[in-house]
Student: 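This is the structure, below, for whatever I ask next.
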Number of protein chains: 2
Amino acid sequence: MPSQHSKSGDPARSLSLLWRTREPAGRRRGGPGLTIDRIVAAATELADSEGITALSMRRVADALGVGTMSLYTYVPGKGELLDLMVDAAYGDLDTDDRSGTWRERLRRIAFADRELYVRHPWMLQVVTLRLLGPHLIAKYDHELSAVDGLGLSDVEMDSTVNLVNGYVESTVRKTLGAEQVARESGMDDEQWWRTYEPPLTALADDARFPIASRVGTAVGRAHRSVYDPDHEFSFGLERVLDGVQALVDSRACASD
Amino acid sequence: MPSQHSKSGDPARSLSLLWRTREPAGRRRGGPGLTIDRIVAAATELADSEGITALSMRRVADALGVGTMSLYTYVPGKGELLDLMVDAAYGDLDTDDRSGTWRERLRRIAFADRELYVRHPWMLQVVTLRLLGPHLIAKYDHELSAVDGLGLSDVEMDSTVNLVNGYVESTVRKTLGAEQVARESGMDDEQWWRTYEPPLTALADDARFPIASRVGTAVGRAHRSVYDPDHEFSFGLERVLDGVQALVDSRACASD
DNA sequence: ACACTGACCCGTACGCCCTACGGACCCGGA
DNA sequence: TCCGGGTCCGTAGGGCGTACGGGTCAGTGT
């Protein structure tokens, strides 16, 4: 159960698939009428409902009522299929709304991204090379527009949106990891903590790791009682935005 | 080539392995003399040199000159082996140095983490549940100590170190993704950019994605000329630390 | 001296995976 | 009518993780 790399053999082929630079094919009369979009949709549904590890070419083909090898007429391999799934998923994001201050806009973008990843957890497990598909570019453009005209250089703008994206991804990844433990071990967060805290604190005694013990306990208690994931997410996000704020302020001063 | 989850069946078993809560076994005389540590070391070497996808129980056993199934005497399964590898790798980090300001310390921690992930890229591809092994706890304690006594609450301290860790991970993940493209496509960064920028800009015309075009071009040019990964990393890190700074300042004011 | 026990080691086999290859089928156009 | 080419897919080959059961031998109790 290690990780997935999406070697996706030929980048050129992947790009032409992503941008649909192939005519939509002849369409036979009687057959199931496979298309790239139907394949991507079926694969996405499968990955959403059963997890990325359940996603196999066989299962996708079965879901479509089609032989496994038929998929290879439309998609060079599994890697390229994953690339297509990722870009298609990014297509669900709203990339039009440009209202509000830069801070409000980045905040909205972060929450929307987070929701997308929660809906499609497999996106964060696919170590895709993030091949530039149309929807990913649209997302990038939309994010950049939020920090355009603030006095930042182009490279700084890129860094800024990467910063926010990275924060969202790492946060969701952690949450999903915890949920995975819960699901696979069959106990919820609270049960898990109650079962493994005692032996753990016995091993990692307070003397050796005093601060970790104290903070770990406090965090555990917070999780058990008033824990609010949204609040936790917001808190970190505001720290990130404060960092951006400092940058924006310094550039504004410099240009005055 | 999707992703790896480390289902690692029984958390209790994993924990006892991580904390070595089993006597070191009888050790037979003539045999190869397998141990958990030798297995973890061989697996780590393999993952370092050939990537996580090349890591299989068979290959690890071969590297040790041992039958595949012999590994299962020491390790319940591949998932648990990955857990052990991750915690062992964290053991390479220095968790003693406590000199300097909180900002200097977080900076040093971030750079050390980054270097560790670059040396063991597979760590970021293993979607491990981050089971609390001894070395991970030591790392956590060391990180918390950098922000202890600044007026932050325990939960805030946890958020803060998660924030820095998340930044490092997402940055390295992105870098490694790019390197993977380079390796697999056989061309270096510059070649890749030169090959795929023209068709890409043709597809994603400036009119549809004006800001992405402009910024993408600028970033590409920067990469080709004066690009300094360390500088890029530092830049974002300082933004994160600025965010932490704002938090620390606000808490200091509140308590005064 | 000898049998027993238990840890260590591993060959075999099952069921899954991705996909190369080549054949069957059928449509539209010449 | 014939044929080229797109669509569909059965078969097979080489991986993988690991369940199962049996072989081997150091140390122990007698």
Student: What is the distance, rounded to the nearest whole Å, between atom CG of A/Leu71 and atom C1' of C/dC18?
Tutor: 12 Å
Student: Does A/Tyr72 put a side-chain nitrogen or oxygen below 4.0 Å from OP1 or OP2 of D/dC8?
Tutor: no
Student: Expressed as a whole number of angstroms, how long is the span from B/Asp62:CG to C/dC9:P?
Tutor: 16 Å
Student: Determine: side-chain N/O of B/Thr68 to OP1/OP2 of C/dC10, distance under 4.0 Å, yes or no.
Tutor: no
Student: Mind jotting down which residue pairs meet the salt bridge (Lys or Arg N to Asp or Glu O under 4.0 Å) criterion with at least one end in residues 51-64 of chain B? Sequence neighbours excluded, please.
Tutor: B/Glu50-B/Arg59
Student: Please determine if a side-chain N or O atom of B/Ser70 lies less than 4.0 Å away from the OP1 or OP2 oxygen of C/dC10.
Tutor: yes
Student: Identify the residue among A/Leu18, A/Leu17, A/Ile137, A/Val40 that makes a side-chain contact (heavy atoms from CB on, under 4.5 Å) with A/Asp87.
Tutor: A/Leu18
Student: Return the value, rounded to whole Å, for the distance between atom CE of A/Met69 and atom P of C/dA24.
Tutor: 17 Å
Student: For nucleotides 15-17 of chain C, print each protein N/O atom paired with a nucleotide N/O atom at under 3.5 Å, atom names and distance only.
Tutor:
| from | atom 1 | to | atom 2 | distance (Å) |
| --- | --- | --- | --- | --- |
| C/dC17 | OP1 | A/Ser56 | OG | 3.0 |
| C/dC17 | OP2 | A/Arg58 | NE | 3.2 |
| C/dC17 | N4 | A/Arg58 | NH2 | 3.4 |

Student: Within the 4.5 Å heavy-atom criterion, are A/Leu71 and A/Leu64 side-chain neighbours or not?
Tutor: yes
Student: Has the side chain of A/Asp141 got a donor or acceptor atom that lies under 3.5 Å from a matching backbone atom of B/Ala212?
Tutor: yes
Student: Can you measure B/Leu34 atom CG to C/dC8 atom P for me and round it to whole angstrom units?
Tutor: 10 Å
Student: Given A/Tyr140, which of A/Thr95, A/Asp158, A/Asn165 fulfils the side-chain hydrogen bond (donor to acceptor under 3.5 Å, both in side chains) condition?
Tutor: A/Asp158
Student: Can you tell me if B/Tyr74 uses its side chain to pair, donor with acceptor, with the backbone of B/Leu34 under 3.5 Å?
Tutor: yes
Student: Are B/Tyr74 and C/dA7 close enough that a side-chain N or O sits under 4.0 Å from OP1 or OP2?
Tutor: no
Student: Using atom CD1 of B/Ile36 as one end and atom P of C/dC9 as the other, report the distance to the nearest whole Å.
Tutor: 12 Å
Student: Side-chain contact, heavy-atom cut-off 4.5 Å: B/Trp122 with B/Thr44?
Tutor: yes
Student: Any side-chain heavy atom of B/Arg173 sitting closer than 4.5 Å to one from B/Leu176?
Tutor: no
Student: If you check the B/Val66 side chain, which of C/dC21, D/dC8, C/dC10 turns out closest?
Tutor: C/dC10
Student: Using rotation axes that map the C1' atoms of four end pairs onto the next four (five pairs an end), what angle separates the end axes of the helix from C/dA1-D/dT30 to C/dA30-D/dT1, to 10°?
Tutor: 20°
Student: Give a yes or no on whether the backbone of B/Asp94 and the side-chain of B/Lys139 come within a donor-acceptor separation of less than 3.5 Å.
Tutor: no
